[in-house]
> 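Supplied in structure tokens, the structure appears directly below.
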Amino acid sequence: MAAQGMGKDRDREVGMRQVNTVINTVGQFQIDTVNVLTRAHFMPLYTRLGAYDTSLLTRGSSQAPRRLFEFWGHAASLIDISLYPLFEFRRERAYEMTWGHIRTLVDNNPEAIDAVEGMVREVGPLTARQLNFGQERTKEHWGWNWSLAKLALEWLFWSGRIAVAGRNSQFERIYDIPERVIPAAYLDACQPWATATPTEREGLTHEAHVELVRRASAALGIGTARCIGDYFRTAAAPTKAAIETLVDTGELQAVEVEGISAPVWITSGANKPRQIHTSALVSPFDSLAFERKRLAAFFDIDYTISIYTPADKRVHGYYVYLFLLDDIFAARVDLKADRAKSTLLVQSSWLEADADASRTAQELSSELRRLADWLGLTKVQVVDKGTLAGHLKKHV
């Protein structure tokens, strides 16, 4: 938890320096389109820093000096800009890692892709809607009802021929050419790939994985190969090879963890505080909660996001946050921002095993009030649902 930046002062004034510290710590903020409470990428900074101006994150991901770029890390994420060259192996292998309609477009209509790239270069930055070419959207499959332009843009983005300059008020990607988005130093660092032999590319790929595993391990503090590989979604074999390299250099050390049979590694020199003091809500897309099996193994918490679960089969709610109280997950709450009524709605609240109901309810009540204030909501309303609801209502 210390490696994830938990336990710091959340009542101080937050500026870009504090935001940069968290970026350096966690490396990425996952993006999700669901906006029940607030956008997923805004929450990790709030969890670690407390109330902050979200324009700081928007500025860091859309204006110079750019601190973040959008790409596929753990999933669609805003990633530390210094890691841009490390994902060149992913951009280089874009064709073998794509499928379906995009691959069909690449194989059968490359001139459309070139035309879209040309338009972005000529008149960008642009959204997919601004490049629709008059194509009708199909309804054959919920995941593929994209226009021809959108498909072309997705391929160009995935392969690195264009980049995301930011998001508009409708949360649509705004595309532009890399030269107008990514700082020159990071583009220049990708140049060795252009002339590399197959053998040299294998070496470059390994070097990239070593650095990504180094960053993932530092962000986790301790983890199995599965945890470490999941952080940036690196494949098992190159992740294992990178771990072996870092063990050889002494940067990772093998340790034994009671109850975990898989090999576990700890970052050399990792901060090992005796205690963590915090009271914070953790989003389902937070890097602390990325790997659900890690949560179960290391923190004894069974956590499943339920936004894809049919309503009648959800146990704890739709968009459930974990409540971290010091060094344990003490509760979970299903939260919604009812902006029309200026209300933070606690649709259900649940006490975790071994957590004290009274203290948890008191601390959670205070955190919900802080969250509501940050979101500009005037009220907190607790629905009488869940094992903690009765206690929580008394404090709220």
Side-chain angles (χ1 to χ4, degrees), residues 4-6 8 10 14-84 87 125 127 154 157-158 163-176 181-182 212 215-216 219-220 230-233 280-292 303 305 307-308 318-322 324 335-337 339 344 370-371 374-376:
Q4 276 285 300
M6 301 298 181
K8 303 294 179 64
R10 298 179 71 238
V14 177
M16 189 56 80
R17 184 169 66 87
Q18 288 75 27
V19 170
N20 283 336
T21 296
V22 177
I23 293 172
N24 293 335
T25 298
V26 303
Q28 61 183 329
F29 305 119
Q30 187 174 343
I31 298 168
D32 189 71
T33 57
V34 178
N35 192 23
V36 174
L37 185 72
T38 189
R39 297 289 183 190
H41 58 288
F42 288 135
M43 275 301 296
L45 283 169
Y46 173 78
T47 298
R48 290 157 180 79
L49 301 176
Y52 75 102
D53 183 350
T54 57
S55 68
L56 292 171
L57 183 58
T58 301
R59 191 176 83 202
S61 61
S62 61
Q63 300 175 25
R66 186 178 291 268
R67 282 295 286 114
L68 298 155
F69 73 103
E70 184 173 336
F71 197 60
W72 297 97
H74 177 77
S77 304
L78 294 175
I79 306 171
D80 184 346
I81 190 66
S82 69
L83 301 182
Y84 182 85
F87 288 95
T127 66
E154 285 298 309
F157 170 54
W158 180 228
V164 174
R167 297 266 183 159
N168 64 13
S169 58
Q170 288 77 46
F171 206 57
E172 297 171 306
R173 282 174 176 159
I174 302 170
Y175 298 93
D176 207 344
V181 174
I182 308 299
L212 289 173
R215 284 295 296 267
L220 293 172
D230 181 76
Y231 203 81
F232 290 110
R233 294 284 169 84
L281 288 159
V282 178
S283 136
F285 295 104
D286 193 292
S287 51
L288 181 61
F290 274 169
E291 223 288 286
R292 308 301 198 238
Y303 182 51
I305 188 170
I307 59 175
Y308 310 113
Y318 175 69
Y319 203 96
V320 179
Y321 285 74
L322 294 173
L324 180 64
L335 300 178
K336 178 181 179 179
R339 296 172 180 87
L344 174 59
R370 286 193 293 267
L371 176 64
W374 178 57
L375 295 174

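In what follows, every heavy atom counts, from backbone to side chain, and hydrogens, waters and symmetry copies are set aside.
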> Any non-hydrogen side-chain atom of Y318 less than 4.5 Å from a side-chain atom of I307?
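Heavy-atom side-chain distance check passes, below 4.5 Å.
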> Just wondering, are more than 12 heavy atoms of other shown residues or ligands nearer than 6.0 Å to CZ in R17?
no
> Using 0.5 Å steps for rounding, measure from the OH atom of Y46 to the CG atom of L371.
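With rounding to 0.5 Å, OH (Y46) is 4.5 Å from CG (L371).
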> As an exercise, state the distance from CG of L322 to CG of L288, rounded to the nearest 0.5 Å.
8.0 Å
> Quick one: pull up CG in L83 and CG in L212 and give me the separation to the nearest 0.5 Å.
6.5 Å
> Side-chain contact test, heavy atoms from C-beta onward, threshold under 4.5 Å: evaluate it for I23 versus L45 and give yes or no.
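A side-chain contact under 4.5 Å is absent here.
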> Does a side-chain heavy-atom distance below 4.5 Å link L68 with I81?
no
> Would you check if Y175 and T127 make a side-chain contact, meaning some heavy-atom pair closer than 4.5 Å?
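No, side chains not in contact.
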> Within a strict 4.5 Å, meaning less than it, do heavy atoms of the V19 and M16 side chains meet?
yes
> Identify the heavy atoms of R215 and S82 that sit nearest to each other, and give their distance.
NH1-OG, 3.8 Å
> Would you indicate whether the side-chain heavy atoms of V181 and F69 approach each other to under 4.5 Å?
no
> Filter on salt bridge (charged side-chain N to carboxylate O under 4.0 Å, His left out), then keep only pairs touching residues 58-79, sequence neighbours left out; what's left?
R67-D80, E70-R167, E70-R173
> For the backbone of F171 and the side chain of N168, can you confirm whether one donor and one acceptor N or O come within less than 3.5 Å of each other?
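Indeed, once roles are kept as given, a pair shorter than 3.5 Å links the two residues.
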> Which residues pass the ring-ring contact (aromatic ring centres under 6.0 Å, His included) test with F290, sequence neighbours left out?
H74, Y231
> Please confirm whether the backbone N or O of V320 pairs with a side-chain atom of Y303, one donor and one acceptor, at under 3.5 Å?
yes
> Taking only residues two or more places apart in sequence, or in another chain, which ones meet F71 in a ring-ring contact (aromatic ring centres under 6.0 Å, His included)?
F157, W158
> Got a sec, which residues hit ring-ring contact (aromatic ring centres under 6.0 Å, His included) with Y308, two or more places apart in sequence or on another chain?
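Once residues adjacent in sequence are excluded, Y308 has no partner under the ring-ring contact (aromatic ring centres under 6.0 Å, His included) criterion.
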> Assess whether side chain to side chain contact (heavy atoms under 4.5 Å, CB included) is satisfied between Y319 and N35, documenting all intermediate values.
CA-CA 10 Å; Y319 203 96; N35 192 23; over 6 Å; no
> Are any non-hydrogen side-chain atoms of Q4 and V26 less than 4.5 angstrom apart?
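Of all side-chain heavy-atom pairs linking V26 with Q4, at least one is under 4.5 Å.
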> Any non-hydrogen side-chain atom of T38 less than 4.5 Å from a side-chain atom of M43?
yes
> F42: what forms a ring-ring contact (aromatic ring centres under 6.0 Å, His included) with it, not counting sequence neighbours?
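F42: no ring-ring contact (aromatic ring centres under 6.0 Å, His included) contacts found.
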> Without swapping roles, check the side chain of S283 against the backbone of F285 for a donor-acceptor pair under 3.5 Å.
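Here the side-chain-to-backbone pair exists.
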> Provide the full list of salt bridge (charged side-chain N to carboxylate O under 4.0 Å, His left out) pairs with a residue in residues 31-55, sequence neighbours left out, each pair given once.
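Listed once each, the pairs are R48-D286.
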> Any sub-3.5 Å donor-acceptor pair from T47's side-chain atoms to L281's backbone N or O?
yes
> Rounded to the nearest 0.5 Å, how far apart are CG of L335 and OH of Y321?
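The OH atom of Y321 is 6.5 Å from CG of L335, to the nearest 0.5 Å.
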> Does the pair Q28 and S287 meet the rule for a side chain to side chain donor-acceptor pair (under 3.5 Å), with working shown?
CA-CA 8 Å; Q28 61 183 329; S287 51; over 6 Å; no
> So which heavy atom on G5 is nearest to which on T25, and how close?
N-CG2, 3.9 Å
> Under 3.5 Å, is there a donor-acceptor pair between the side chain of R10 and the main chain of A51?
no
> What's the spacing between S77 OG and R233 CZ if we round to 0.5 Å?
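Going from the OG atom of S77 to the CZ atom of R233 covers 8.5 Å.
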